[in-house]
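I have placed the structure first, in the form of structure tokens, so that the comments after it can refer back to it.
In the text below, chain A, chain B and the rest are named by the order of the sequence lines, each starting its count at 1. Because the structure is a prediction, the values reported are computed rather than measured.
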2 protein chains.
Amino acid sequence: MTDEPTPSRRAFLAGTAAAGAGLVASAAAAQTADPLITEVQPWASAFGDPVDAAPYGMPISFESHVVRRNVEWLTESPVSSINFTPIHALEGTITPQGCAFERHHSGAIELSKTDYRLMINGLVDKPLVFTFEDLLRFPRHITTAFCECAANGGMEWGGAQLEGCQFTQGMIHNMEYTGVMLRDLLAEAGVQTAGKWVYVEGADASSNGRSIPLEKALDDVMVAFFANGEALRKEHGYPVRLVVPGWEGNMWVKWVRRIGVYDQAVESREETSKYTDMMPDGRARKWTWVMDAKSVITSPSPQAPIRHGAGPLVVTGLAWSGNGRITRVDVSTDGGATWTPARISGEARSKALTRFHYDMTWDGSEMFILSRAMDETGYVQPTKQALRDIRGLNNVYHNNSIQTWWVRADGEVENVEIA
Amino acid sequence: MTDEPTPSRRAFLAGTAAAGAGLVASAAAAQTADPLITEVQPWASAFGDPVDAAPYGMPISFESHVVRRNVEWLTESPVSSINFTPIHALEGTITPQGCAFERHHSGAIELSKTDYRLMINGLVDKPLVFTFEDLLRFPRHITTAFCECAANGGMEWGGAQLEGCQFTQGMIHNMEYTGVMLRDLLAEAGVQTAGKWVYVEGADASSNGRSIPLEKALDDVMVAFFANGEALRKEHGYPVRLVVPGWEGNMWVKWVRRIGVYDQAVESREETSKYTDMMPDGRARKWTWVMDAKSVITSPSPQAPIRHGAGPLVVTGLAWSGNGRITRVDVSTDGGATWTPARISGEARSKALTRFHYDMTWDGSEMFILSRAMDETGYVQPTKQALRDIRGLNNVYHNNSIQTWWVRADGEVENVEIA
């Protein structure tokens, strides 16, 4: 499964000079026949778009394959469903809002800032209702954090594999949020001594209510209204969503309308019938909120095969941990027999996506490539077998195991399991 | 000049509870009459958008005022012109590609990856032509950097003021780039001892040729193909642009097609007839590439007036320096008589936009608000008068002086100069 754009006719004509060179740079001699070098091209002899062409721009048409995608048969209805970030085609650490995965329980609602209200009630001295403008008057903070669905990679537990890095591991995104700290809003209301939990509801029909221990609520939970510099998009909770760094995505309540303070967890439908981990003995683990350290190679991967043949190859991937910073990522090209440290590129922020690169020379033969993340707590990303030994095969959530890609000699890549 | 969205009718009906409260949080008692609290709202009782609604999403309609804008009379043609980032409406540090300012000399061209070529020639051992795929095989790096037009704030030199923060200071953006280091490409070609400069050309009709000293080219200049996680947008140089951290935007050549190595600067049209600084004695300063430390309060500002009356007020702004990290930002609310340090929010990265916040209580009377940036070299952002004393009034470029906003008692804000 690939989703490369179709080459233009011009490219096809010029293709002899560029394709299959197998060298990092084609020798100058070979280029004398390349009309892209020797002839004046249309884009160099005519005006392009004016500055008023697109007040708000979209990606160029050549990138129309870099979109979030959903899988119809996964869920009964697309209003209570999921789509996937095209992580196989992205680089760096930021996920653009436009292609960042969505998970809704009753669809993405349209709620204006003027219609927006946030209530804080329960075990507080002074129940409060904030307008959107009220929130803008509290001290603002910035944090970059990954948001991963607890079910990311969940099909892998039982060995049912969705082909493609996007579909296997794409229920994740990473944005720079600006908002106010939940602790500042709670302080305004005055949490009573008996208050030990908050229960957070969204303004959508599902409400997606989730309980969060007060300790976390007072730590790094943010009531956010900007993502990647601009307002949250509709599908990401406009105008206000909760950001719960390091914890599973379903707790990042969108269109947040109420935060109640209670003496215990509410144990609502969303935190009992879902988002608990079925163990082999039939019992369910609950309150497994933290997303443990994980990594995945995003290219090469099933939707991003190797097209250039043997020689220099850049392996790129993402690593993250809900417990802090990524300190190291190892890559194996022999199915896990040997490991070599990859480069951490850019910043390794706490509870945020971290990019790694591994520069290698590919000999053109098949490889089983894997990555393994370590975080600042000393935790090491486990093998799939290690997780299954403890948690069995009937689980859906919290698969943070090592992902294996089989790179074939022809450069195509498949999602496989190795013994 | 404001560009707030028009409130919906529902908001108007509910407005009595929310508007003009003047308190951070309205008391619970006042909310009992608010239908947004007491009644089930339509968005809480119907499905929203399904997950296949927008494979690549756009901002919600309520944010349609947050767009880049151009000023028709500023230039003769919109294909050789500029537009402005809506910095008055953004937060955090990242600028989304879709609303990041554009400057073109002959329009934004459409150039596919398959049609793309990059030539390195001149004083090199081995002239080379790279395809796009060749570039993907070099080690990738990530850097976050601001790109500021040398003319940002240029109208202010002579006191001709464009109303609005967007138009006055919006020729700037800040993105996370991924690409390959120019030094790695130059090493592949082998720079000869006589080579002291590179000359960089774009594939557009203007070519926008610019000379860069070899020392900078071998330092932190990047040949970038991703911005904010995804492919560069067309208007930002798809598929490949130069990133020249800390240096003026016109050197960040888009659609880069050739990098020539020479023993001296080429002194092309773009670096002599433009982008030099006219001094009072009629001589022009040249090679003024670095963008010195600067800051601006983005809200409140002329397009972002205060609507909520006296009480808690969040002042938010941006600071940056082409010479390194921002170490401190001071804010004055009395026209520069006294200064108080603002909070640096999030990370203060070298040669990147840094967000500052200043939390204050506004007494409802008029203010002259200013910000002043300091960087790690010890440089302090100068007053406008200090710059004029040396550089006069006939300049266009490199106005990094302190910007003053006059906040009136009614909350409206104007761009003013103070003695």
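With a 4.5 angstrom heavy-atom cutoff, A:Ser106 touches chain B via backbone and side-chain atoms both. Proximity to chain A (any heavy atom under 4.5 Å) is restricted, for B:Glu235, to the side chain, taken from C-beta onward. Proximity to chain B (any heavy atom under 4.5 Å) is restricted, for A:Ile82, to the backbone atoms N, CA, C and O. Only the side chain of A:Asn70 comes within contact range of chain B, with heavy atoms under 4.5 Å apart. Residue A:Arg233 touches chain B through its side chain alone, counting heavy-atom pairs closer than 4.5 Å. For A:Ser345, the parts lying under 4.5 angstrom from a heavy atom of chain B are both the backbone and the side chain. For a residue to count as touching a neighbouring chain, one of its non-hydrogen atoms must lie under 4.5 Å from one of that chain's; by this rule B:Arg349 touches chain A with the side chain only. Using a 4.5 Å cut-off between heavy atoms, B:Ser207 does not touch chain A at all. For B:Ala46, the part sitting under 4.5 Å from any heavy atom of chain A is the backbone (N, CA, C, O) and nothing else. Residue A:Thr316 touches chain B through its side chain alone, counting heavy-atom pairs closer than 4.5 Å. When heavy atoms are compared at a cutoff of 4.5 Å, B:Asp359 approaches chain A solely by way of its side chain, counted from C-beta outward.
Residues B:Gly92 and A:Glu176 share a closest heavy-atom pair of CA-OE1, 3.4 Å. Across every non-hydrogen atom of B:Ile37 and A:Arg117, the tightest pair is CD1-CB, 3.7 Å.
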Practice item. Walk me through it: do B:Arg343 and A:His141 pass the test side-chain contact (heavy atoms from CB on, under 4.5 Å)? Key: CA-CA 10 Å; B:Arg343 282 189 293 118; A:His141 296 268; 3.6 Å; yes

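For B:Asn83 (side chain) and A:Val51 (main-chain N/O), a donor-acceptor pair under 3.5 Å exists by modelled atom type.
Counting heavy-atom pairs closer than 4.5 Å to chain A, the top residue among B:Met58, B:Glu102, B:Arg257 is B:Met58.
Judged by distance alone, the side chains of B:Glu63 and A:Tyr56 never bring a donor and an acceptor atom under 3.5 Å apart.
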